[in-house]
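We count residues from 1, following the sequence as given.
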Amino acid sequence: MLTPVLVFEALLFLCGFQLCRYIWRLFKQRWQYQKLIRDLKMQEFAPAHPIWGHVFVLPTDEKKKLDALVDLIVPPGGETNSIDLSPFWLGPFTCMLMMSSPEYVKACVANADYKDNFVYDWVIPWIGDGLLTSGGPKWHRHRRLLTTGFHFEILKPYLNIFSDSADILLDKFSASEGKPMEIFKPVGLFALDSLLKCSFSYESNCQLQGENEYINAVHELSEIITLRALKIQYLNEMIFKLSPPGRRFRKLCHIVHEKSRSTIRKRRREIEEGGEGFKGRKGKYLDFLDILLAARDEDGKGMDEEEIREEVDTFMFEGHDTTGCAIPWLMYNLAKHPEYQQKCRDEIQQLFDQKEDDQLSWDDLCNLPYLTMCIKESLRMYPPVMTIMRKLVKDVTLPNQTVVPKGTTVACSIFNLHYNPKIWPNPKEFNPERFTHENIKNRHTHAFLPFSAGPRNCIGQHFALNEIKVVMSKILHRFYIDVDPERSPIWIQRMAIRTWDGMYLRFTPVEHKD
């Protein structure tokens, strides 16, 4: 006869047995990682703590973290500490392989099916199973469907959108009257304004009227994802879901999803009312949503509402911070180096001297070689994405003939790669001459990866570069940019590299410069 004591003892035994199995799996996992490290003859870039691993190798003060990381890669004494392949322990039982060599990175980004769910799982409640997070047949199908949306014929009309949005930004610079002004927020609103117009023709007027519920939700979702990466307790899914940020995250996802769905349904009705020949909402440019609604695969099948919603939200997630951070850092670098700034201005002026207005054409974008070099050098120093994660779905043979087994998580550190002194002499210095044709020719194809590489590279990279060229051409045509000597920006890691307390620059009209 079963008694309460026997039932309790049985349950206690089962719990103890499951706990022992769990502990055994953890230690087995650690032994497997240690064997892999020995087999690959890896060196640690820094000693690992027996409990915390490498989590606290860098200072906990985020204002010092990136400087410390650069000093770790390029020690102040000048010696090189860039290790091509090293283990990175996330506690005592979980390890990933960190790669800082272009040869190794190339081997691990060559396959479209490699992806890691460690971080991507955090954003799936927001963006769903779209191009960033999906894999297998679904990813291949969506990539084919979306590629047409970034053809140059589709991108051409966007130049006018960038230019019109830039005019509002330049008016703000004019209103500063040559006094130092914080630029991250107005530039971020410019980038978001342009993205909303190009994504689904959403006239938010955010640059003039400030942020609305949807824009606030997009910003706050990004901040919560960053918070989750910085707080070790939030790595646990259950703890995060029960926490105030986790509950807020779910509420914000609902706001964003409802806005996307309502916009998709409204656009479907417009297309249906316009008839089969209806294109581009009665003569307007085709936006990203138009492309998604019109896309058909080889079987004539399009995407359903939820698939379109996922891709729209993915485009917003990936695109809203990229140019919003890249443009301020480029302005800062040019302000610190007036000689490079003037070279950019000279070639821009040559273009505008042949025009009656300050509108760049599509062909003009190819005639800005020095500005392009400065953009690339700034993206090298401040990459939009610092690390790309991949979980290998099959064994990968590295250039040294060692084999990284299936199931291993690798972290391709773009930041370490871009500061690797074996590739970039004096990597802390801003030097656009690194990107002359001659220097590029002698460099590995995977040494510079601001938009990732391989089949899963950023599909919107030309969109972002065109936007940067348009707005920077207009800024440099009208203003000289100077740093504020009393307020130097402190860089910190967020979704992209941002600043702790803003970035302050001075804008002096070209005709008023002494």
Side-chain angles (χ1 to χ4, degrees), residues 112 120 123-158 161-162 191-204 214-215 217-218 221 253 255-320 322 451 455-464 466-467:
Y120 289 162
V123 299
I124 284 178
W126 173 9
I127 66 176
D129 198 24
L131 201 59
L132 179 66
T133 55
S134 62
K138 180 175 181 178
W139 180 88
H140 286 280
R141 177 176 180 265
H142 281 214
R143 181 78 182 203
R144 289 196 304 272
L145 292 174
L146 268 62
T147 298
T148 57
F150 295 92
H151 188 271
F152 70 89
E153 290 294 344
I154 299 296
L155 297 178
K156 276 183 181 181
Y158 294 169
I161 296 175
F162 300 153
L192 192 55
D193 188 25
S194 300
L195 187 63
L196 288 168
K197 291 173 182 175
C198 296
S199 297
F200 39 84
S201 300
Y202 180 31
E203 296 285 348
S204 66
Y214 175 77
I215 293 172
V218 170
L221 282 167
C253 285
I255 293 172
V256 171
H257 293 168
E258 285 305 303
K259 174 62 181 176
S260 299
R261 290 188 183 109
S262 65
T263 305
I264 293 166
R265 289 165 188 164
K266 180 181 177 183
R267 183 67 55 80
R268 278 195 191 277
R269 287 196 301 270
E270 291 176 356
I271 293 176
E272 289 169 359
E273 291 168 3
E276 190 175 343
F278 183 80
K279 296 279 178 117
R281 297 173 323 287
K282 299 180 182 178
K284 286 189 177 182
Y285 61 89
L286 289 170
D287 61 23
F288 187 56
L289 182 53
D290 286 323
I291 302 301
L292 293 174
L293 287 166
R296 295 291 183 272
D297 59 22
E298 54 273 15
D299 297 324
K301 184 180 178 182
M303 289 187 277
D304 61 32
E305 180 181 294
E306 197 60 17
E307 288 176 321
I308 293 173
R309 196 275 304 166
E310 290 170 345
E311 298 302 349
V312 169
D313 289 343
T314 296
F315 193 46
M316 291 300 303
F317 167 72
E318 292 193 281
H320 83 278
T322 305
F451 299 103
R456 295 188 77 103
N457 68 348
C458 176
I459 195 171
Q461 57 184 290
H462 295 298
F463 175 96
N466 292 346
E467 183 179 7

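- The distance from atom OH of Y202 to atom CG of L192, rounded to the nearest 0.5 Å, is 9.5 Å.
- The closest side-chain heavy-atom distance from E310 to H257 is not below 4.5 Å.
- With hydrogens and angles disregarded, a donor-acceptor distance shorter than 3.5 Å links the side chain of E307 to the backbone of D304.
- The backbone N or O of L145 lies less than 3.5 Å from a partner atom in the side chain of T148, making a donor-acceptor pair.
- With hydrogens and angles ignored, the 3.5 Å screen pairs a side-chain donor or acceptor of R456 with a backbone N or O of L132.
- When every heavy atom of C253 is checked against every heavy atom of P125, the shortest pair comes out as SG-O, 3.6 Å.
- Remark: T322 engages no residue in a side-chain hydrogen bond (donor to acceptor under 3.5 Å, both in side chains) (not counting sequence neighbours).
- Salt bridge absent: D297 and R144 never bring a charged side-chain N and a carboxylate O closer than 4.0 Å.
- Side-chain atoms of L195 and F315, non-hydrogen and from C-beta on, do get closer than 4.5 Å to each other.
- Looking at E311, its side chain does come within 3.5 Å of a backbone N or O of L131 through a donor-acceptor pair.
- A search for ring-ring contact (aromatic ring centres under 6.0 Å, His included) contacts involving Y158 returns F463, not counting sequence neighbours.
- A heavy-atom distance below 4.5 Å is found between the side chains of F200 and T263.
- For the pair I291/L286, a side-chain contact is recorded, criterion being any heavy-atom separation below 4.5 Å from C-beta on.
- For the pair V123 and T314, the minimum side-chain heavy-atom distance is 4.5 Å or more.
- The distance from the CG atom of L293 to the CD atom of E305 is 9.5 Å, given to the nearest 0.5 Å.
- Partners of K259 by salt bridge (charged side-chain N to carboxylate O under 4.0 Å, His left out), not counting sequence neighbours: none found.
- Taken to the nearest 0.5 Å, the CG atom of L146 stands 10.5 Å off from the CZ atom of R141.
- In this structure the side chain of F162 reaches within 4.5 angstrom of the side chain of N466, judged on heavy atoms.
- Remark: E270 CD to R265 CZ distance equals 15.0 Å, nearest 0.5 Å.
- Here the closest non-hydrogen pair linking E467 and S194 is OE2-CB, 3.5 Å.
- Legend: residues meeting ring-ring contact (aromatic ring centres under 6.0 Å, His included) with F317, ordered by chain and number and at least two apart, are W126.
- Here the straight-line distance linking atom CD1 of I127 with atom CZ of R309 works out to 9.0 Å at 0.5 Å rounding.
- To the nearest 0.5 angstrom, L155 atom CG is 10.5 Å from I161 atom CD1.
- Between I308 and R268 there is a side-chain heavy-atom pair separated by less than 4.5 Å.
- The environment of NZ in K138 is crowded: more than 12 heavy-atom neighbours from other residues, nucleotides or ligands sit within 6.0 Å.
- Checked by atom type and distance alone, the side chain of D287 pairs as donor or acceptor with a backbone atom of S201 at under 3.5 Å.
- S260 is linked by a side-chain hydrogen bond (donor to acceptor under 3.5 Å, both in side chains) to D313, counting only residues two or more places apart in sequence or in another chain.
- For R261, the salt bridge (charged side-chain N to carboxylate O under 4.0 Å, His left out) test picks out E258, E306, with sequence neighbours left out.
- When atom types are taken as modelled, the side chain of T133 and the backbone of G128 share a donor-acceptor pair closer than 3.5 angstrom.
- Remark: K156 NZ is packed, more than 12 non-hydrogen atoms of other residues, nucleotides or ligands lying under 6.0 Å away.
- Taking 4.5 Å as the limit, some side-chain heavy atom of L196 sits within range of a side-chain heavy atom of Y214.
- Nearest approach of S199 to M316, heavy atoms of both residues: OG-SD, 3.8 Å.
- Neither side chain, S134 nor D129, offers a donor N or O lying under 3.5 Å from an acceptor on the other.
- F288 and F150 have tilted rings, their planes meeting at an angle from 30° to 60° on a 0 to 90° scale.
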